[in-house]
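In what follows, every heavy atom counts, from backbone to side chain, and hydrogens, waters and symmetry copies are set aside.
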Amino acid sequence: MLSLEDSVKNMNLTDKIINKLLDNNIVFIKDLWVLKRKDLKKIKMTDKEIKSIIIALQLEGLDLGKKMYD
């Protein structure tokens with residue numbers, strides 16, 4: 001299981017999504033976790049890319065907007 005301190009590179013995401021995140025200084029999962037869908041739209045993420053991010057986070061028990069699941 002990943003922690004908030006891990007790099008987004010460790011998530012099961014495509015290289016294209018990882019590169020977009022890194023280009024926008026979103027390096028760690030904690031940087032991504034605090035964002036909302038609207039924030040990701042502002043950095044030109046598509047709905048499909050956002051859905052991939054949400055699924056990858058949910059597999060780790062997290063969700064956008066600082067939500068945590070047990």
Side-chain angles (χ1 to χ4, degrees):
M1 186 161 171
L2 298 175
S3 77
L4 294 175
E5 299 298 322
D6 286 328
S7 170
V8 292
K9 292 180 184 179
N10 296 338
M11 296 177 67
N12 191 19
L13 296 169
T14 65
D15 290 338
K16 182 179 175 185
I17 295 173
I18 299 278
N19 289 335
K20 276 189 183 182
L21 292 172
L22 294 176
D23 289 346
N24 287 282
N25 295 319
I26 301 168
V27 180
F28 299 103
I29 295 174
K30 66 181 179 184
D31 300 331
L32 177 61
W33 177 59
V34 298
L35 301 177
K36 293 183 170 46
R37 177 182 283 270
K38 184 171 43 173
D39 300 321
L40 293 174
K41 283 282 200 180
K42 286 180 186 173
I43 62 169
K44 307 290 189 241
M45 288 281 188
T46 66
D47 285 329
K48 186 177 179 183
E49 291 169 334
I50 293 170
K51 190 164 261 188
S52 293
I53 291 169
I54 290 170
I55 290 169
L57 284 171
Q58 287 176 340
L59 289 172
E60 298 301 328
L62 303 170
D63 205 346
L64 293 176
K66 292 187 185 178
K67 293 180 188 155
M68 247 185 202
Y69 305 103
D70 292 332

Hey, could you give me the CG/CD distance between L64 and Q58, rounded to the nearest 0.5 Å?
8.5 Å

Specify the closest pair of heavy atoms between L13 and S52, including all atoms of both residues, with the distance to one decimal.
CD2-O, 3.7 Å

Could you measure the distance from the CG atom of L2 to the CG atom of N10? Nearest 0.5 Å is fine.
6.0 Å

Out of curiosity, does I55 fall in the hydrophobic cluster containing M68 (side-chain heavy atoms, cut-off under 4.5 Å, transitive links)?
no

D6 side, atom CG; M1 side, atom CE - distance, nearest 0.5 Å:
10.5 Å

Measuring from L4:CG to L32:CG, what's the distance to the nearest 0.5 Å?
10.0 Å

Residue pairs involving residues 23-33 (criterion salt bridge (charged side-chain N to carboxylate O under 4.0 Å, His left out); sequence neighbours excluded):
E5-K30

Walk me through it: do L59 and N12 pass the test side-chain contact (heavy atoms from CB on, under 4.5 Å)?
CA-CA 10 Å; L59 289 172; N12 191 19; 5.9 Å; no

Of all residues at least two apart in sequence or in a different chain, which pass the salt bridge (Lys or Arg N to Asp or Glu O under 4.0 Å) check with K41?
D47

Distance in Å, K48 NZ paired with T46 OG1, rounded so as to fall on 0.5 Å steps
7.5 Å

Which heavy-atom pair separates K67 from W33 by the least distance, and what is that distance?
O-NE1, 3.1 Å

NZ on K66 to NZ on K36, rounded to 0.5 Å
8.0 Å

Could you check I26 against L35 for side-chain contact (heavy atoms from CB on, under 4.5 Å), going step by step and ending with a plain yes or no?
CA-CA 10 Å; I26 301 168; L35 301 177; 3.5 Å; yes

Could you go through residues 14-22 and list every donor-acceptor pair under 3.5 Å that involves a side-chain atom there, pairing it with any protein atom two or more places apart or in another chain?
unit_1	atom_1	unit_2	atom_2	d
T14	OG1	I17	N	3.2
N19	ND2	D15	O	3.1
K20	NZ	K44	O	2.9
K20	NZ	E49	OE1	2.8
K20	NZ	E49	OE2	3.3

